[in-house]
Amino acid sequence: MAEKIHPSAKQQSAGIPTAVGNGNPADKSQLYNSTRPVYRPQPRRSSRSCCCSCCLWITFTIVVLIVIAAVAGGVFYVLYRPHRPSFSVSSLQVSQFNLTSSNQLNTKFNFTVTARNPNKKIVFYFNSVSVSIDSNGVDVGDGSIPAFVMPKKNTTKLRTIVSTTGQTVDDNTNLKSDLKNKKSLPLTIQLDTKVKVKIGSLKTKKVPIRVVCDGIKFTAPSGKTATTATTSDVKCKVDLRIKIWKWTI
């Protein structure tokens, strides 16, 4: 019977490698690798993926806010049916419109405008209104209308006197030649004010508003007899003047 040979204690204590597997001495590199932990690279989070996730969340939030605003706007419109106030020129009498030899213009207009609130649940609060009248690019009169309130489904007539004294007119303007030839003159009326809206118990901030009435024709009066301007084809456009930074829309 063959005798088994075991490594001596001296060999073990001296760290001499013994036979592995097929009886050959173990390689030093094998022994070193057997005790060294296996390196596993850690996954890295890309900065691009973080940026994409952030953009995705921002886009989602914006879309949600737009949807909420659209729904709220739809509900508001169904409940209140909001409409802008409307304006029309009821009458315009010209009692004075003459140009002196030194190109000094003197005018006087008796002006009446009708304001209507078509809303059933909305009240308008207007500041004092600045009135200006223009003819052929020349300012021919200025005036004002006191502050007023337009209740629900209300119609209000506003009267004022618009005039100018000593307004210098350029020789090259069409206004001077039309006056000389006694032609019919065009007029444009502009109203500027601020309005606050009351909806139920809620009141908004004051918002600038501009009304432009175009299509008026008149002839200058001769002597002390006033003339009445033609206002049948006058159209008044109402614009909210909202200022965003440096621009007004």
Point to revise | Residues forming a ring pair (Phe, Tyr, Trp, His ring centres under 6.0 Å) with Phe124, sequence neighbours excluded | key: none

Check your understanding: Of all residues at least two apart in sequence or in a different chain, which pass the salt bridge (Lys or Arg N to Asp or Glu O under 4.0 Å) check with Lys176?
Key ->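 Salt bridge (Lys or Arg N to Asp or Glu O under 4.0 Å) check on Lys176 returns Asp171.
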
Count I, L, V, M, F, W, Y as connected when their side-chain heavy atoms are under 4.5 Å apart, and connections chain through other members. Are [X] and [Y] then in the same cluster?
| X | Y | answer |
| --- | --- | --- |
| Ile161 | Leu158 | no |
| Val207 | Val149 | no |
| Leu191 | Val238 | yes |

Review point. Hey, is the main chain of Thr164 close enough, under 3.5 Å, to the side chain of Thr107 for a donor-acceptor pair?
Key: yes

Exercise for review: For Asn119 and Lys121, indicate whether the former's side chain and the latter's backbone hold a donor-acceptor pair under 3.5 Å.
Suggested key: no

Revision key, fill the gap. By side-chain contact (heavy atoms from CB on, under 4.5 Å), Lys157 pairs with (sequence neighbours left out) Ser90, Thr114, Arg159

**Study point:** side-chain contact (heavy atoms from CB on, under 4.5 Å) partners of Thr100, counting only residues at least two apart
**Key:**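 Thr100: side-chain contact (heavy atoms from CB on, under 4.5 Å) contacts with Asn98, Ser102, Gln104, Asn106.
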
Nearest heavy-atom pair of [X] and [Y]: which atoms, and what distance?
| X | Y | value |
| --- | --- | --- |
| Ser95 | Asn110 | OG-ND2, 4.2 Å |
| Val123 | Pro151 | CG1-CA, 4.1 Å |
| Pro118 | Pro85 | CD-CA, 4.2 Å |
| Met150 | Asn117 | CE-N, 3.0 Å |
| Asp192 | Arg210 | OD1-NE, 2.7 Å |

Could you tell me if the side chain of [Y] sits less than 4.5 Å from the side chain of [X], heavy atoms only?
| X | Y | answer |
| --- | --- | --- |
| Thr219 | Phe97 | no |
| Gln96 | Ser163 | no |
| Gln167 | Val140 | no |
| Thr160 | Val129 | no |

Practice item. Please collect all disulfide bond (SG atoms under 2.5 Å apart) contacts where either partner lies in residues 89-178, sequence neighbours excluded, each pair once. Key: none

Review point. Quick one: disulfide bond (SG atoms under 2.5 Å apart) pairs with a partner in residues 144-225, sequence neighbours left out?
Key: Cys213-Cys236

Residue list, side chain to side chain donor-acceptor pair (under 3.5 Å) with [X], at least two apart or on another chain:
| X | value |
| --- | --- |
| Gln93 | none |
| Arg84 | none |
| Asn154 | Thr156 |

Exercise for review: Applying side chain to side chain donor-acceptor pair (under 3.5 Å), run through Asn103 and Thr168 and close with a yes or a no.
Suggested key: CA-CA 6 Å; Asn103 290 344; Thr168 302; over 6 Å; no

Study note, to complete from the structure: Besides Val212, the hydrophobic cluster formed by Ile, Leu, Val, Met, Phe, Trp and Tyr side chains linked at under 4.5 Å, directly or via other members, contains none

Practice item. Report the C-alpha distance between Ile189 and Leu92 in whole Å, list the side-chain angles of each, state the deciding distance to 0.1 Å, and finish with yes or no for side-chain contact (heavy atoms from CB on, under 4.5 Å). Key: CA-CA 10 Å; Ile189 299 175; Leu92 181 63; 4.2 Å; yes

Check your understanding: ring pair (Phe, Tyr, Trp, His ring centres under 6.0 Å): which pairs involve residues 144-169, sequence neighbours left out?
Key -> Phe126-Phe148

Exercise for review: Return each pair, listed once, that meets side chain to side chain donor-acceptor pair (under 3.5 Å) where at least one residue sits in residues 123-137; pairs must be two or more places apart or across chains.
Suggested key: Asn127-Lys206, Asn136-Asp178

